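To start, the structure itself, in structure tokens.
Everything quoted here is computed from the prediction, not taken from an experiment. For the single chain, residues carry numbers from 1 onward in sequence order.
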Amino acid sequence: MGLVTGQSSDPTSMAWCFSPRSNNKNIPAEEELRILITTDVLSEGQNLQDCAIIVNFDLPWAIIRLVQRAGRVDRIGQQADEILCYSFLPADGVERIINLRGRLRERLQQN
């Protein structure tokens, strides 16, 4: 498992260890990562299509950010038949107050 944040010294090398085939890197098996936890620091220009599951621990207001995250995985070279995207939502009590699901659903329909 690896972790990449804005404080990481070399985020791209972690992406290579997580997704070596899509980045044309020869990474020894013992250095490959099966799980990569990252902020949006691994966004533009990163190939992560060796994996097929995305878990979002946040729900950004700009829906395009969710689409972009999935796009790091769902691109040319992807071998999986389907990509799974999971998102954590706030607890029901918080949801009643802020109506996040409803607002996001509306934004998705608009886009």
Side-chain angles (χ1 to χ4, degrees):
M1 180 169 66
L3 173 67
V4 176
T5 70
Q7 305 299 314
S8 299
S9 60
D10 192 0
T12 299
S13 68
M14 295 293 280
W16 293 347
C17 289
F18 179 67
S19 194
R21 288 177 298 286
S22 65
N23 287 291
N24 296 315
K25 300 296 176 186
N26 189 13
I27 304 293
E30 62 274 5
E31 292 180 26
E32 282 191 32
L33 300 172
R34 293 189 47 123
I35 298 171
L36 183 61
I37 299 171
T38 182
T39 63
D40 282 337
V41 72
L42 278 187
S43 56
E44 294 181 29
Q46 298 293 338
N47 294 317
L48 302 175
Q49 61 264 42
D50 289 7
C51 79
I53 301 173
I54 302 162
V55 179
N56 294 295
F57 287 97
D58 68 332
L59 290 173
W61 182 244
I63 299 301
I64 191 68
R65 294 185 86 176
L66 291 177
V67 174
Q68 289 170 337
R69 289 175 188 174
R72 305 286 167 256
V73 172
D74 188 16
R75 52 175 43 178
I76 295 173
Q78 176 56 254
Q79 300 294 309
D81 291 331
E82 63 182 358
I83 306 299
L84 303 176
C85 296
Y86 298 99
S87 295
F88 285 86
L89 297 171
D92 287 338
V94 174
E95 175 60 24
R96 279 193 303 274
I97 295 168
I98 65 173
N99 188 29
L100 181 60
R101 291 180 197 140
R103 292 178 8 214
L104 285 172
R105 191 174 308 114
E106 183 180 320
R107 297 279 312 258
L108 282 168
Q109 289 171 348
Q110 289 173 355
N111 288 308

Backbone N or O of A52 within a donor-acceptor pair of the Q78 side chain at under 3.5 Å? no
Any non-hydrogen side-chain atom of D50 less than 4.5 Å from a side-chain atom of F18? no
Measure the spacing between CG of N24 and CH2 of W16 and express it to the nearest 0.5 Å. 11.0 Å
Can you name the nearest heavy-atom pair linking L33 to G2, along with the distance? CD2-N, 3.8 Å
d(S13 OG, E31 CD) to nearest 0.5 Å is 10.0 Å
Is the closest side-chain heavy-atom distance between Q7 and V41 below 4.5 Å? no
All heavy atoms of C51 vs all of V73, minimum pair found to be O-CG1, 3.1 Å
Q46: which residues meet the side-chain hydrogen bond (donor to acceptor under 3.5 Å, both in side chains) condition with it, sequence neighbours left out? T12
Mind checking the SG-CG spacing from C85 to L66? Nearest 0.5 Å is all I need. 8.5 Å
Should V55 and L84 be regarded as members of a common hydrophobic cluster, given that ILVMFWY residues are connected when their side-chain heavy atoms come within less than 4.5 Å of each other, either directly or indirectly? yes
Run the ring-ring contact (aromatic ring centres under 6.0 Å, His included) test against F57 and tell me which residues pass, sequence neighbours left out. F88
Verify side chain to side chain contact (heavy atoms under 4.5 Å, CB included) between L36 and L42, making sure each step is shown before the conclusion. CA-CA 10 Å; L36 183 61; L42 278 187; 3.5 Å; yes
Keeping the roles fixed (side chain from Q79, backbone from G77), state whether a donor-acceptor pair exists under 3.5 Å. yes
Is it possible for you to say whether I54 and M14 belong to one hydrophobic cluster, with membership spreading through side-chain heavy-atom contacts below 4.5 Å? yes
Please answer whether the main-chain N or O of S19 pairs with a side-chain N or O of N23 as donor and acceptor at a distance below 3.5 Å. yes
How would you list, by chain and number, every residue that makes a side-chain hydrogen bond (donor to acceptor under 3.5 Å, both in side chains) with E32, sequence neighbours excluded? none
Give me the one residue out of V4, T5, L48 that meets side-chain contact (heavy atoms from CB on, under 4.5 Å) with T38. V4
Would one find more than 12 heavy atoms of other residues, nucleotides or ligands at under 6.0 Å from atom CG of D10? yes
Can you tell me how far the CZ atom of R69 sits from the CZ atom of R65, to the nearest 0.5 Å? 6.0 Å
